[in-house]
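Taking it in order: structure first as structure tokens, then the write-up.
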Amino acid sequence: MRAAIYLRLSREDGEKESESIRSQRVLLEKEVRCRKWTLAGEFVDDGVSGLTFQRPGFSALCQAVEEGKVDVVLVKDLSRLGRDYTATGYYLDHYFPRRGIRFLSLGEGIDTGVQTSANDFAPFQSVINDLYARDISRKVRAALAARRETGRFMGSCAPYGYRKGENGRLLPVPTEAAVIRGMAVWFFWGKGSGEIAQELNRQHLPAPGGKPGGWSECAVRRLMKSETLTGTCLQGKTQRLSYKEPRRIAGKPVRTEGAHAAILPGWFYRALQRRQRGGRSRRLCAGQIWCRDCGGPMGIQGKWLICIRCGGKCPLPAAEDFARTLLGVEKAGEMALRLQRSFLAARTERILFSAEPGSHGNFYAKPVKDWEREKLCAILRRKDFAKGLWYGQEVLCRAQGKEDRGLPELGGL
């Protein structure tokens, strides 16, 4: 008879072929010789889970069965065939018998070519193998959850700007961190995501994944929204439906602050998010002042505050009252003049104030802290795209204190 042996192991044992695979081969080849059968083929899946039957080696075995090249299939034990009891039962009770294939499992003494009590026990053994996989899955999930709680990065690839260090901690890559800082300052100055992507490609800077010229508007926008840049590790947003079903569903996110060194300080990251909410609009207060009636964004047109969503409007308050409300200061005379006469101050006002419900007239805005405002204004005053991307990195690093930089070196300067 023509016999095929099937070998499988769930995890790889280093770079070379695993010891378990070799021991399975020796045992099965000895059984074939003792029965004086002809070895028609060897099919191996090394490092493939038994919960799925979409395996290269097993698919090749089924192809040989369909072509009539095999009469007998041998495995070391039933768990080598698979750990999903429903699929294992299908192959034992339907697939192999319908094609006249004799199946042997040496560990349990199962032989479909003869009537033995071990054959009756096969369904129960399949369930036990399945429960083993379920228990392993539960333990692995618990271990991964514990590691997430401590801020260890569990992804297969580190995000752009970082590399995986010991114990799963993210470590900044100085050159990539410098690119991110330059991008962030340019974005804060008003440069669009598409324009930044074109500049990065023009300089042949590698995109996430290491591909030169791979920067896109979407990649820049996604990177500027990443909270990982502030040293916060957010994981577990999705999870597998079950240990058998690979489809992913919404999970329970785990957020760990200070899990690794920050590339962008928190106060500047928050300003970037306020800048993104304003979109590409160049209107004064875009994305910063919101309608109390419908919650839509409001802009200044002439002497009116107008809601872009519902069209509602209210008179623009006097400059001094307007500045006092936005800036949260009692003596706003000087600041009001800056708001009226200085484009820089107007752009500063537009970018710096986040939206939260208030009670002043028909609009509301929340002022930022004084020290944040001073640092952001300092960055705005040094606006100069002509000096290049690395100048933006320099501007941000000079605006930060040593405690904010996250990296002792500036990288790229």
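In summary, the aromatic rings of Tyr391 and Trp186 are positioned with their centroids too far apart to meet the 6.0 Å limit. Tyr269 and Phe188 have their aromatic ring centers separated by at least 6.0 angstrom.
Listed here is the closest heavy atom pair of Gly194 and Glu217: N-CG, 3.6 Å. Taking both residues in full, the closest heavy atoms of Thr88 and Ser126 are given as CG2-OG, 3.6 Å, listed atom of the first, atom of the second, then distance. Nearest approach of Gly214 to Ala207, heavy atoms of both residues: C-CB, 3.5 Å. Contact record, Gly161 with Ile263: O-CD1, 3.6 Å, taken as the closest heavy-atom pair. Shortest non-hydrogen contact noted between Trp390 and Ala178 is CZ3-CB, 3.4 Å.
Legend: residues meeting salt bridge (charged side-chain N to carboxylate O under 4.0 Å, His left out) with Lys139, ordered by chain and number and at least two apart, are Asp135. Checked against side chain to side chain donor-acceptor pair (under 3.5 Å), Asp130 has the following partners two or more places apart in sequence or in another chain: Tyr243, Lys244. By the side-chain contact (heavy atoms from CB on, under 4.5 Å) test, Gln125 is found to be paired with Leu78, Glu108, Phe121, Ile128, Asn129, residues two or more places apart in sequence or in another chain being considered. The side chain to side chain donor-acceptor pair (under 3.5 Å) check on Thr112 picks up nothing, with sequence neighbours excluded. Taking Glu31 as the reference, Arg35 meet the salt bridge (charged side-chain N to carboxylate O under 4.0 Å, His left out) condition, with sequence neighbours excluded. Scored by the side chain to side chain donor-acceptor pair (under 3.5 Å) test, Ser79 finds Asp77 as partners (sequence neighbours excluded). Annotation: salt bridge (charged side-chain N to carboxylate O under 4.0 Å, His left out) contacts of Arg222 (sequence neighbours excluded): none. With sequence neighbours excluded, no residue forms a salt bridge (charged side-chain N to carboxylate O under 4.0 Å, His left out) with Glu176. Applying the side chain to side chain donor-acceptor pair (under 3.5 Å) test to Arg163 and every residue at least two apart in sequence or in another chain returns nothing.
Using a 4.5 Å heavy-atom cutoff, the side chains of Phe187 and Ser193 are in contact. In this structure the side chain of Thr150 never reaches within 4.5 angstrom of the side chain of Thr256, judged on heavy atoms. Two residues are said to be in side-chain contact when any heavy atoms from C-beta on lie closer than 4.5 Å; Arg8 and Val44 fail this criterion. No side-chain heavy atom of Val70 sits under 4.5 Å from any side-chain heavy atom of Arg2. Using a 4.5 Å heavy-atom threshold, the side chains of Leu104 and Ile110 count as separate. Between Phe385 and Lys387 there is no side-chain heavy-atom pair separated by less than 4.5 Å. Residues Phe103 and Tyr91 have side chains not in contact (no heavy-atom distance under 4.5 Å, counting atoms from C-beta outward). Between Ile379 and Trp189 the shortest side-chain heavy-atom distance falls below 4.5 Å.
Under a 3.5 Å cut-off, the side chain of Arg181 and the backbone N or O of Leu396 do not form any donor-acceptor pair. Looking at Asn201, its side chain does come within 3.5 Å of a backbone N or O of Trp215 through a donor-acceptor pair. Judged purely by atom type and a 3.5 angstrom limit, Gln235 uses its side chain to pair as donor or acceptor with the backbone of Arg152. Under the 3.5 Å distance criterion, the side-chain polar atoms of Lys225 are left unmatched by any main-chain donor or acceptor of Val220. Within the 3.5 Å criterion, the main-chain N or O of Ala40 finds no donor-acceptor partner in the side chain of Thr38. Between the side chain of Asp45 and the main chain of Phe58, a donor-acceptor pair closer than 3.5 Å is present. Distance alone, capped at 3.5 Å, is enough to place a donor-acceptor pair between the Gln273 side chain and the Met224 backbone. The backbone N or O of Arg169 sits nowhere less than 3.5 Å from a side-chain atom of Asn167 that would complete a donor-acceptor pair.
Applying the side-chain hydrogen bond (donor to acceptor under 3.5 Å, both in side chains) test to residues at least two apart or on different chains, the pairs with a partner in residues 54-67 are Tyr6-Arg55, Gln63-Glu67, Glu66-Tyr95, Glu66-Arg99, Glu67-Lys69. Residues in residues 256-265 take part in these salt bridge (charged side-chain N to carboxylate O under 4.0 Å, His left out) pairs, two or more places apart or across chains: Arg255-Glu257. Residue pairs meeting the ring-ring contact (aromatic ring centres under 6.0 Å, His included) criterion with at least one member in residues 245-264, sequence neighbours excluded: Tyr162-His260.
Note that the CZ atom of Arg221 and the CD1 atom of Ile196 stand 10.5 Å from one another [nearest 0.5 Å]. Separation of atoms CE (Met183) and CG (Leu205) is listed at 9.5 Å; rounding is to 0.5 Å. Summarising the geometry, atom CD1 belonging to Ile136 is positioned 12.0 Å from atom CG belonging to Leu131; distances are rounded to the nearest 0.5 Å. Interatomic distance, CG of Leu389 versus CZ of Arg202, reported as 10.0 Å (0.5 Å rounding).
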Glu199 vs Lys191, side chain to side chain contact (heavy atoms under 4.5 Å, CB included): CA-CA, chis, key distance, verdict: CA-CA 11 Å; Glu199 177 64 21; Lys191 184 77 77 173; over 6 Å; no
Go through the steps to decide whether Arg25 and Ile21 satisfy the test side chain to side chain contact (heavy atoms under 4.5 Å, CB included), and finish with yes or no. CA-CA 6 Å; Arg25 179 184 293 111; Ile21 291 294; 4.0 Å; yes
Kindly determine whether Asp71 and Ile101 satisfy side chain to side chain contact (heavy atoms under 4.5 Å, CB included), including the steps that lead there. CA-CA 5 Å; Asp71 299 316; Ile101 301 299; 5.6 Å; no
Take Ile180 and Leu223 through the test side chain to side chain contact (heavy atoms under 4.5 Å, CB included) and record every step on the way to the result. CA-CA 8 Å; Ile180 291 174; Leu223 188 59; 4.0 Å; yes
